[in-house]
Every structure is written in structure tokens, then in C-alpha cells.
Amino acid sequence: MKIITDFLIVGSGIAGLSYALKVAEHGRVAIVTKREVSTTATSLAQGGIAAVSSDLDSFEQHFDDTMTAGVQLPNPEIVRMVVEMGPRAIEDLINWGVNFSRNKNAAYDLTREGGHSQRRIYHAKDETGKEIERALVTAVRSHPNITLYENHIAVDLITEAKMTRRRLKPDRCLGVYVLNRETGEVETFGATITALATGGAGKVYLYTCNPDVATGDGIAMAYRAGATIANMEFMQFHPTTLYHPHAKSFLISEAVRGEGAILRRRNGTAFMDGKHPLKDLAPRDIVARAIDNEMKVHGDDFVCLDITHKDSAYIKDRFPHIYETCLSYGIDMTVEPIPVVPAAHYLCGGIKVDPFGETDINNLFAIGEVSCTGLHGANRLASNSLLEGVVFAERAAQKSLERTKSKPAPFPAIAQWDSGSARNSDEEVIVAHNWDEIRRCMWNYVGIVRSDKRLVRALRRVQMIQEEISDYYWDFYITSDLVELRNIATVAELIIRCGLKRKESRGLHYTIDYPVTDDVHWKRDTLIRKVF
Ligand code: SIN
């Protein structure tokens, strides 16, 4: 089956859907998404979206907070641009139907999270992402130019170099091969413009608060196609996810600390005093490392997050989702502290893009968590990611429209996917085993505190697994699990290789071999590109 469209979007979180709504006035849009449309990291976002609006706040302060959290690695021009486009992004979301929480004076209720010097976070109680996703999906579903393909997982990019077997610099993207999970058929989607909005890669780690779909598909596909990938060592671990055997790393929003919660040892001692002037609201890398250290030093499996000093009615009203979820696991956060541990949460690196979200493959854009725009540097400031998604959707839409207007060169013939002599697999256990091994290896060797020895060990393991996957990949019909496995292996390799390149500690990359930040040699991105 072959589908031809003007704009092809892979992924259906805030970035992909905002971009779809922006370009849909100008052509046909196809969105492919690997599960149901709302199975996205956006839907799980609790905290909110940062943008300057109060008189006490300023673009300068939001800029400074972003640069400080990112340990001066963010690109100042990008930070300035995103921060200044913040109010407009909020306006777009409100126009698309998002209902942000208001206070008793009917003004928008602004909350605070780690690293922010002001209250500037718009939220919808503690389910901001769910509300955003609801509004965007409603708008997308009712747009006549947009077709949604659910249960379709992208397999590989189609590029001009691949189709014509020529070396092209730059190459051009012509679309994507996509596996229809219901029929098992690989379909060809040809598109003038392709936008990857596949989100992050938390599933590379054993413990993550990301949804199951976060397997780094866009990054792995772009890397295989020859795009430059940047800063993969900067995986952000969220300091506080619920510690419970059945909770699957449920997120306890940083907004809980923003509203006064305190981190304590199991014996009740608060431990963030003296670690950073913002104490419990220090940037995430600092809090996650402090928790990791507390757990190691005291041999504890978790630390405690305590908001019991706040009024119980207030807690239930402000954090209804977190309150109910904790209660379903037998924890009443109004009267007892919540046991928490860090878990993989957000990838600050990704596909390197220009200020308009375009990659170094022509007509291929990357927006949202899949991209590395220069906004986050070595550590993302909380609630800057939803903002980045909307701002870069707008920027990418602008450039995409220019490209479609300037009469693109004709496409070469696009070959259908060739399964060769593949057959049905009789050993699914290999896929399951390798998934588990990669995730465990990454958690143990490439976690919050790293060393060269552990990174090298991890690289050896991952490369061995990759060889096995490669043999398996071409022998058997591909399945969604196999596509994702190949992708998490690639992303794991990229994280480790970037980690080995950076000979310093900065933000989310902390290594005992180079514990100091080295601004002279390392105030720059780590870049990786596949050699053909
Ligand atoms: C949270 O609610 O703590 C997550 C917000 C974010 O990661 O920006």
C-alpha cells in the first residue's frame, strides 16, 4: 500500500499535533502513531507549561533560569527565542481549547517547579498533559485535511540516497516505511515534508515514568539515515517517582515540591538543606543526585516526599490525580510521606536541528523531545518541554511551508518495502530477553552516576546485543516489538558513546572520572553521525 501526502508526521504528542494543526491549512496531512492517538508522553505530563506572564516575572528571568538549569550549555539565541514566544504558545493552546486551571480570582493559576525563580507554570490541576492532548486530538480529529493512522509504527526513513543508491550531501527525506500493526504489512508513506515527533526514549532504562511507546524511534531512524545526533548523554532522571512494586514508576510531579513538599530520609531528616540555595526546588540533576546519594549512603530503597504539613483539602484539590493514585496503592499523602525514587524521564539530546526544527537531511524536521534544539543544554528546566513542542511546531511549520511553496525537485521512484526471504519467528524469547538486558545494563552502568569503566562495559554488551538483533532482524518478519528493540539498542549505543566522548561532568552527565565542569574544552555539544 502506498500513501502520498504533503506533510507526514510521525507521533501524536503536543509537538506533532500542534504542527499538524499549523500546516493543515496548506495541504494534506497524515499523522502516523504507533498505538492509540493519546498514548503519548504528553498525556502523562503533570506539571505544566512554562511561560512568562506575571508582572513579577520577565523574559530575562526565564532565560536565566533556563541557562542555569542547563549549566550554560543551552544555545542563548534559542533560549531567548523560545522564552519570548512563550506567551504566544499559551495563546495557541487556549485557542485550540485547552482549559488551564484558574485561581479564585479567575486568573490563571501559576505554579512553580524546580529551578524556576518565579511562579510561571500554567497547569490543569495535576494532569496538564492530558488536558492538552484532549484539546489537540479533538481539533485534529475534526480537521478535514488531517488523516490519522493509529497502530502504525514507523520503521525507517525513505531517503533519496537510499532510493537512488547515490551519495548525497545533503540527502533528502521522501517519507517513511510504516508497519501497520493490525495487518503486519509494511506500508509506504511518501511525503514532501516529514516531521518526526516521536518523543523520548525513557524505555532504554529499566525504571522510567515514560509511557511504553518511548523507545527513541525517531532518533534511531534519523541516525540510521545519516542525520546528526547530539547530546545523548543528557538523560534526565526525574527525582520523584512513586516507589511501589506495582506502580510502574508513577510520576509525583515536581509541582508537589513547588507547593511546599520536602524531601526527607526515612527517619524524617530533611536533606536538601545546604545542597543548593533552592533546596528542594534545586534543578533536577542536583536533586536526583542527592537522592541517589542518600539511598546509597543509608542503604535505603527510597526517600520520602512530605507534604503532610499542608491542608488536606488543598492537597486533594490541587493534586487530585496524584492523591487518588497514591491512595490506590495504600498511601494517603495528606497524612503520610510518599516513598519516592528517581527514574528516567526526559532526553535532553536528540536529532540536531536548526532554529526552524530542520535536520541536516532536507525536508526532514524533528520537533519535541526527539530533537536537540539547543534549548535544554545539559539539563532541561522543568516545564520547558511542552513549551518547546509548541514553539518549534510553529517554527517548523513556517519553514515547511516555504519549502513546499518553492516547488520541490521531483521525487525518484520509491521502492516498496522488501521482506526478502523473511519468515515468521519461532523464538520471540530473544526479543524479550534483549529488551530486558539492555534496560538493566543501562540502569546499572549508565545511570545517574557514571564512570568510563562502566560505560565501556555497557557499550560492549549493547554492541553484542545489536549484532544479535541485526541477524534476527533480516531473518524474520518484523514486528512492532522487534522494531522498538532495534531502536532502543541504537539509542542506548548513542547515549553511551556520547557519554564516553564528554570528558567532564555537566548537568545530567556526572562521571566520577571527570567530576569537574570544564568550560574551556567542553562547553559544546557532543555530536554523532553514522559513517556510511
Ligand atoms: C513534573 O510534573 O514534575 C514533570 C514536569 C516536567 O518534566 O517538565
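Ligands are counted one by one from 1 in listed order, and the atoms in each one are counted from 1 as well. Position 1 is the first residue of the sequence, and the numbers go up from there.
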Are any of the N/O atoms on [X], whether in the backbone or the side chain, positioned under 3.5 angstrom from an N/O atom of ligand 1?
| X | value |
| --- | --- |
| Gly48 | no |
| Asn384 | no |
| Gln46 | no |

Atoms in ligand 1 with a heavy atom of [X] nearer than 4.0 Å:
| X | value |
| --- | --- |
| Glu254 | 1 (C), 2 (O), 3 (O) |
| His345 | 4 (C), 6 (C), 7 (O) |
| Gly47 | 1 (C), 2 (O) |
| Arg380 | 6 (C), 7 (O), 8 (O) |
| Ala382 | 8 (O) |
| His238 | 1 (C), 3 (O), 4 (C) |
| Ser383 | 6 (C), 8 (O) |

Against the six-membered ring of [Y], is [X] placed for a cation-pi contact (under 6.0 Å from the centre, within 45° of the normal)?
| X | Y | value |
| --- | --- | --- |
| Arg454 | Tyr445 | no |
| Arg439 | Trp435 | no |
| Arg80 | Phe63 | yes |

May I ask you to check whether Tyr205 and Phe237 place their ring centers less than 6.0 Å from one another? yes
Centroid-centroid distance, Tyr346 to His376, less than 6.0 Å: yes
Of the protein's non-hydrogen atoms, which lies at the shortest distance from atom 4 (C) of ligand 1, and what is that distance? Arg284 NH2, 3.5 Å
In terms of residue, atom name and distance, what is the protein heavy atom nearest to atom 2 (O) of ligand 1? Ser253 OG, 2.7 Å
For His238 and His345, take the angle between the two ring planes, folded into 0 to 90°, and tell me which bin it lands in: parallel under 30, tilted 30 to 60, perpendicular over 60. perpendicular
Mind checking whether His62 and His116 have parallel, tilted or perpendicular rings, split at 30° and 60°? tilted
Any side-chain donor-acceptor pair under 3.5 Å between Arg266 and His298? no
Can you tell me how far apart CD1 (Ile495) and CZ (Phe234) are? Round to the nearest 0.5 Å. 12.0 Å
Does even one non-hydrogen atom of Ala45 get within less than 4.0 Å of ligand 1? no
